[in-house]
Number of protein chains: 2
Amino acid sequence: MATGFFCCQAVYDGAVTDLTSAGAATTPTRRGRGEKSSATIYDIAKLAGVNPSTVSRALSKPGRVSAKTQKIIEDAAAELNYQVNPFARALPTGRTQTIGLIVADITNPTFFDIIRGAETTGSARDYTLVLAESAESPETEVTAARRLLSTVDGLILASPRMDDDQIRALAADKPVAVINREITGVPCVVPDVNKGISEAVRSLAANGHEKLAYVAGPKQSWMTARRWDGVKAAAEWSKLSAVRLESSKPTVDGGRQVARDVLESGATAVITYNDLLAIGLMQELQAGGMSVPDQISIVGFDDIFGADFTTPALTTVRSPLGECGTRAVTILLDMLQGHEAPGEAVRVETELVVRGSSGRLLA
Amino acid sequence: MATGFFCCQAVYDGAVTDLTSAGAATTPTRRGRGEKSSATIYDIAKLAGVNPSTVSRALSKPGRVSAKTQKIIEDAAAELNYQVNPFARALPTGRTQTIGLIVADITNPTFFDIIRGAETTGSARDYTLVLAESAESPETEVTAARRLLSTVDGLILASPRMDDDQIRALAADKPVAVINREITGVPCVVPDVNKGISEAVRSLAANGHEKLAYVAGPKQSWMTARRWDGVKAAAEWSKLSAVRLESSKPTVDGGRQVARDVLESGATAVITYNDLLAIGLMQELQAGGMSVPDQISIVGFDDIFGADFTTPALTTVRSPLGECGTRAVTILLDMLQGHEAPGEAVRVETELVVRGSSGRLLA
DNA sequence: CACAGTTTGTCAACCGGTTGCCAAATATTG
DNA sequence: CAATATTTGGCAACCGGTTGACAAACTGTG
């Protein structure tokens, strides 16, 4: 039952540290064992000759005190190098200036951009990000979410593994935004796969492919179904046949393992649930003597870090994951300011990034 | 610099939410439906028929209350689904059960493993990780560190960019651990590059290489100097000549740009400051018609995610970054329990991972 | 059974801000 | 200039736990 939180708002910076006590009253603060004690609004009040509540108002309620006292108080705060104590502030108000983000796997590169997008957007609006990992387990995820929820102002779930009702329960408590999944009644940000997928399928069709395979991801992933739907529809439209293959896990290793099935399927073009599968698949096929893209074209999904490290570099449907993070934070912070949550899921565009792993069939 | 906006009218909610006008003496928390409003120790005290302070002791000071009341209180807590309010606890004690981690760049894969190691080790001991990014800027880093420091129990700096004295100043305030850099007086965890580097250089020498180039990283990186020292020493020992080349930035792109200098240097084997440089360099050399490793061998550093996506896969000196994260957290938590900080820097071993990008010279 | 020594629970004072309420100070108006 | 409206600052009660001091309830002993 670890709990974490925190916040920070560092408004007053600039003055040098201590050493200049200017000895007026008595040395005010002393604390338990940490030598360094930061100034409190009481110290400021004493220095400025006003009441602590006036200090509080001056520093948080703009316009509530006269410009004159405002100035006096700000000067005193600067001199004492004052920083609000986030805990003291959070206790009565419940506001923590913090948002939580839960991802399934910290080391999965898919989430890197989401994390960064969220962090950047959050700190631009003076919110701090607290990160937690669910280790791909729905149970851990629920626990982490509950835990986090009590210490943050809002929560973002990226590709959550728990079920819809659990998410709705969380959302009933505090603002929640979901990335990479659609749940009615909860604000969601999802990449709209259709554009990217149709571009991919059309490009494959134009290169002479007729038989397409889709390598699916984890069963409990909402996205794997959406992507398969998209591939099926686009293939139909382009008059290609499409077959769905299952992978054991959505990793490089899973991609290697599915290579056999891919060959057996007779498909000449493959779209995978994510880039890791595509990379593993490509490695295994190449190891078996196949030439990519001359004999088989491979298209990944997401455009993760490293997708262009391969030879040939991976063609992939890019999901704007950073934007997803940004959007989710924006929605959340807007909700915290009293805005309505968007009724519809927010959709962000995907697009095909053509690199070397897809092309004309030479066989 | 106006930070806090006025909002929030959520006052001490006595009984605003629901319709139970009632209005008897004291009915602070109603718990008609599930775990909506979190229970406090006062609720538990009432239910268990004891004083709140007894509840507090039962829940945090093991052995301070009798086994009998302990049991009663625990049952009551369980029934009310009690969770401590971290803010309320942090206020008087200053302890937050939280540690901060500052990295230069969230999207730099070098840090992924550090983050994961720290997160895992931390949550195993009931600490939560708070992540901040310095965006490679020393100033941002100092600000972030100061800000974080006031809200966490301890701080970890991974590859810090600020200068030694600033770090010491932080460390004077609260426990601080540093990764990837050595600073006297501050607990540090650093990969011991010597073993990995000598393995690499010896392997290159054994493959017939005589002229070695080292592609350096950012000037302000402490590690780039250490690695160059290691390469120089090992080269001397193995009777190779070694030349140092500068890169513009430690990224794939920086690696591409340095390819010219590498060719001009006449070296047949290259060790780079990190894997990204190695990957970029390899891409550029291959694009120019060079064959790796037949004409030139490339050895990276760190063994980041994706280092084996390349063709040939990258030979690299692996730094156990996850272990660095783990160790740093362990040191920090031990310090928080009153242990002494280790006097010497903690060294973790590096090792050569031989893949396809290094080998015998055929030219 | 009285008495000193231990446990165990209670009281009350914090930690550092926030905010409803009220009175004093100031501004506006007839 | 008096009367009323509006600011502005102070008081004090919180938020939910922690902890030192102390008394009541037990324990063991002579």
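Residue numbers start from 1 in every chain, and the chains themselves are labelled A, B, ... in the order their sequence lines are given, proteins ahead of strands.
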Output one line per pair: protein atom, nucleotide atom from nucleotides 11-13 of chain C, and distance, for all N/O pairs under 3.5 Å.
from	atom 1	to	atom 2	distance (Å)
C:dC11	OP2	B:N51	ND2	2.8
C:dC11	N4	B:S53	OG	3.2

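- Side-chain nitrogen and oxygen atoms of B:K61 include none within less than 4.0 Å of the OP1 or OP2 phosphate oxygen of D:dT18.
- Across the protein-nucleic acid pair, A:N85 atom CG and C:dG17 atom C1' stand 8 Å apart, rounded to whole Å.
- Side chains of B:S66 and B:T69: a donor on one and an acceptor on the other come within 3.5 Å.
- Regarding B:F87, its CZ atom lies at a distance of 14 Å from the P atom of C:dT18, rounded to whole Å.
- Here C:dT10 presents its C1' atom at 13 Å from CD1 of B:I41, a figure rounded to the nearest Å.
- Rounded to the nearest 0.5 Å, atoms CG (A:L129) and OG1 (A:T121) are 10.0 Å apart.
- When the salt bridge (charged side-chain N to carboxylate O under 4.0 Å, His left out) test is applied to A:D105, the partners found at least two apart in sequence or on another chain are B:R116.
- Contact annotation: the side chain of B:Y82 approaches that of B:L59 to within less than 4.5 Å [non-hydrogen atoms, C-beta and beyond].
- Annotation: side chain of B:T54 is not in contact with side chain of B:R57 (no heavy-atom distance under 4.5 Å).
- Between B:S56 and D:dG17 there is no side-chain polar atom (N or O) within less than 4.0 angstrom of OP1 or OP2.
- The existence of a salt bridge linking B:R168 and B:D173 is excluded, since no basic side-chain nitrogen approaches an acidic carboxylate oxygen closer than 4.0 Å.
- Every residue two or more places apart in sequence or in another chain was checked for a salt bridge (charged side-chain N to carboxylate O under 4.0 Å, His left out) with A:D163, and none qualifies.
- A rotation axis mapping the C1' atoms of four pairs onto the next four is fitted at both ends of the helix from C:dC1-D:dG30 to C:dG30-D:dC1 over five pairs, and the angle between these axes is 40° to 10 degrees.
- When each of B:P52 and A:T54 is assigned the nucleotide of DNA chain C bearing its nearest heavy atom, the one mapping closer to the 5' terminus is B:P52.
- The two residues A:L332 and A:G154 come nearest to each other via the heavy atoms CD2-C, 3.7 Å.
- For DNA chain C, the neighbouring residues in residues 66-78 of chain B, judged by any heavy atom under 4.0 Å, are B:S66, B:T69.
- One can place CZ of B:R64 at 10 Å from P of D:dG20, the figure rounded to the nearest angstrom.
- When side chains are defined from C-beta on, B:L333 counts as touching B:Y127, because their heavy atoms get closer than 4.5 Å.
- Computed from coordinates, the B:Q83 CD to D:dG16 C1' distance equals 14 Å when rounded to whole Å.
- For A:L91, the side-chain atoms get nearest to C:dG16 when compared with the rest of C:dG16, C:dG9, C:dT18.
- Rounded to an integer number of Å, the gap from B:L59 CG to D:dG16 P is 16 Å.
- Nearest nucleotide to the side chain of B:A88, out of D:dG16, C:dT10, D:dT19: D:dG16.
- For B:T143 and B:T140, the side-chain atoms include no donor-acceptor pair closer than 3.5 Å.
- Evaluation of the salt bridge (charged side-chain N to carboxylate O under 4.0 Å, His left out) rule for A:R64 yields no partner, not counting sequence neighbours.
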